[in-house]
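Taking it in order: structure first as structure tokens, then the write-up.
For ligands, and for the atoms within them, numbers begin at 1 and follow the listed sequence.
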Amino acid sequence: MNIVGADARQMARLNGREPIVRFVGIGKTYDGVTRVVDELHLDVERGEFLTLLGPSGSGKTTTLMLLAGFETPTAGEILLEGKPLSRVPPYQRHIGMVFQNYALFPHMSVDENIAFPLSVRGVPAADIAKRVERALDMVQLGGFGRRRPAQLSGGQQQRVAVARALVFEPKLILMDEPLGALDKQLREQMQLEIRRLHQRLGVTMVYVTHDQAEALTMSDRIAVFHRGKIQQLDTPEQMYEYPKNAFVARFIGENNRLDGKLETHADGRCTIRMTAGDTRIDGTLVEPVKNGDVVTVSLRPERVQIRAAGHTLNGHPGCRLAGSLQEIIYLGDHVRARVVLTSGGEFMVKRPISEAHTLPRIGAVVDVFWAPEHCRAFAQES
Ligand SMILES: Nc1ncnc2c1ncn2[C@@H]1O[C@H](COP(=O)(O)OP(=O)(O)O)[C@@H](O)[C@H]1O
Ligand SMILES: [Mg+2]
């Protein structure tokens, strides 16, 4: 380590800006063949809400279990506050955990459940009562302490699990799909509650979900997982607006996807010859791809405008496709229009409800338009 590097690291530590967790080249295989977590490098910043987002089987839970200490990495090292974790057993890591199935002790009261992490740590009984009460208030369950878990709703049980994870004031809380068993309305309410709790307590959160809307709602940063690798690590806004590859673009938000071949490119702009029909469109080249290579083009439905054929729209002539308007779906706050493209394939267009009356009629011959910066071309997914 050079002097400048050491100084910088020392400074970061003094400022409290050293990452609370560092995954350094972490690998995990259960069968000796498949790398469920593959060369993972990830810094978790102190106080942030970091979400691991990815499809089922992408390695999210394994990553969390490695951090909690319930699994052992087969390569690399995890540092917690700068200290290697490999020889620290789970209970000495002082990490709070919340699981999807709540994992409450059914024979214990709510109070006893929440007290558990304190009693195993030898906290005096008088302190325990006070801290349990405070934790219950935090999750808006004051007065429910004497009940058994079975006497609570799913949402209330999950709040107890959250209180139990908070009560010993860990610096780090891990949550693995904690809202997965709740219905949509309650899930959305709990998302905001957990987010507010995080903001109020300043605790670092590592949260796992396969639900992209949940990740966008709750997180400071999102790490998108696919096949044990982080595909992109970014803020929700950056992730949504500037996906870095076709997988992230497909996994987050809605997309119109088109296939083609890269014809020309310069300075990030490109022209793509579409596979379907004899058309070319302009877009933004996101990944290094050679002319002639197959690319996937992705375009958010809300970035597309629609007009009856013959009406022009200010904009780039290479960002337009012809089609016919097949369907208009009214969704209260917005409308969706489904367009069948003349060149083949379909396009979804999403417009605010205030523009509903400007849409052409069903059956009309139309053009769809967009700006080249919103049309992103990626290397084809392997
Ligand atoms: N204890 C285990 N033994 C063997 N394979 C496992 C074990 N846990 C998970 N896996 C496998 O590892 C892969 C990643 O699983 P997991 O980390 O649970 O993904 P996720 O949480 O993203 O759904 C999956 O293919 C899964 O079947
Ligand atoms: Mg999982």
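Taking the side-chain hydrogen bond (donor to acceptor under 3.5 Å, both in side chains) definition, one finds that D31 meets it with T29, T34, sequence neighbours left out. The side-chain contact (heavy atoms from CB on, under 4.5 Å) search around E45 returns P19, D43, E48, R221, not counting sequence neighbours.
A salt bridge is defined here as a Lys NZ or Arg NE, NH1 or NH2 lying under 4.0 Å from an Asp or Glu carboxylate O, and E373 with R303 fails to meet this definition. Salt-bridge annotation for K229 and D38: present, with a side-chain N of the basic residue lying under 4.0 Å from a carboxylate O of the acidic one. Classification of R22 and E77 as a salt-bridged pair fails, no side-chain N sitting under 4.0 Å from a carboxylate O.
The side-chain hydrogen bond (donor to acceptor under 3.5 Å, both in side chains) with N291 is formed by just one residue from the set E263, K261, H265; it is H265.
Taking the six-membered ring for Trp and thresholds of 30 and 60 degrees, H226 and F247 have nearly parallel ring planes, at less than 30 degrees apart.
No side-chain donor-acceptor contact under 3.5 Å links R351 to the backbone of A337. At least one donor-acceptor pair closer than 3.5 Å links the side chain of T209 to the backbone N or O of D211.
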List, for ligand 1, each N/O atom that has a protein N/O partner under 3.5 Å away, with both atom names and the distance.
{"residue": "ligand 1", "atom": "8 (N)", "partner": "Y30", "partner atom": "OH", "Å": "3.4"}
{"residue": "ligand 1", "atom": "17 (O)", "partner": "T62", "partner atom": "N", "Å": "2.9"}
{"residue": "ligand 1", "atom": "17 (O)", "partner": "T62", "partner atom": "OG1", "Å": "2.5"}
{"residue": "ligand 1", "atom": "19 (O)", "partner": "G59", "partner atom": "N", "Å": "3.2"}
{"residue": "ligand 1", "atom": "21 (O)", "partner": "T61", "partner atom": "N", "Å": "2.9"}
{"residue": "ligand 1", "atom": "21 (O)", "partner": "T61", "partner atom": "OG1", "Å": "2.8"}
{"residue": "ligand 1", "atom": "22 (O)", "partner": "S58", "partner atom": "N", "Å": "3.1"}
{"residue": "ligand 1", "atom": "22 (O)", "partner": "S58", "partner atom": "OG", "Å": "3.4"}
{"residue": "ligand 1", "atom": "22 (O)", "partner": "G59", "partner atom": "N", "Å": "3.1"}
{"residue": "ligand 1", "atom": "22 (O)", "partner": "K60", "partner atom": "N", "Å": "3.0"}
{"residue": "ligand 1", "atom": "22 (O)", "partner": "K60", "partner atom": "NZ", "Å": "2.8"}
{"residue": "ligand 1", "atom": "23 (O)", "partner": "G57", "partner atom": "N", "Å": "2.6"}

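Shown here are the protein N/O/S atoms lying under 2.8 Å from the Mg ion (ligand 2), water excluded: T61 OG1.
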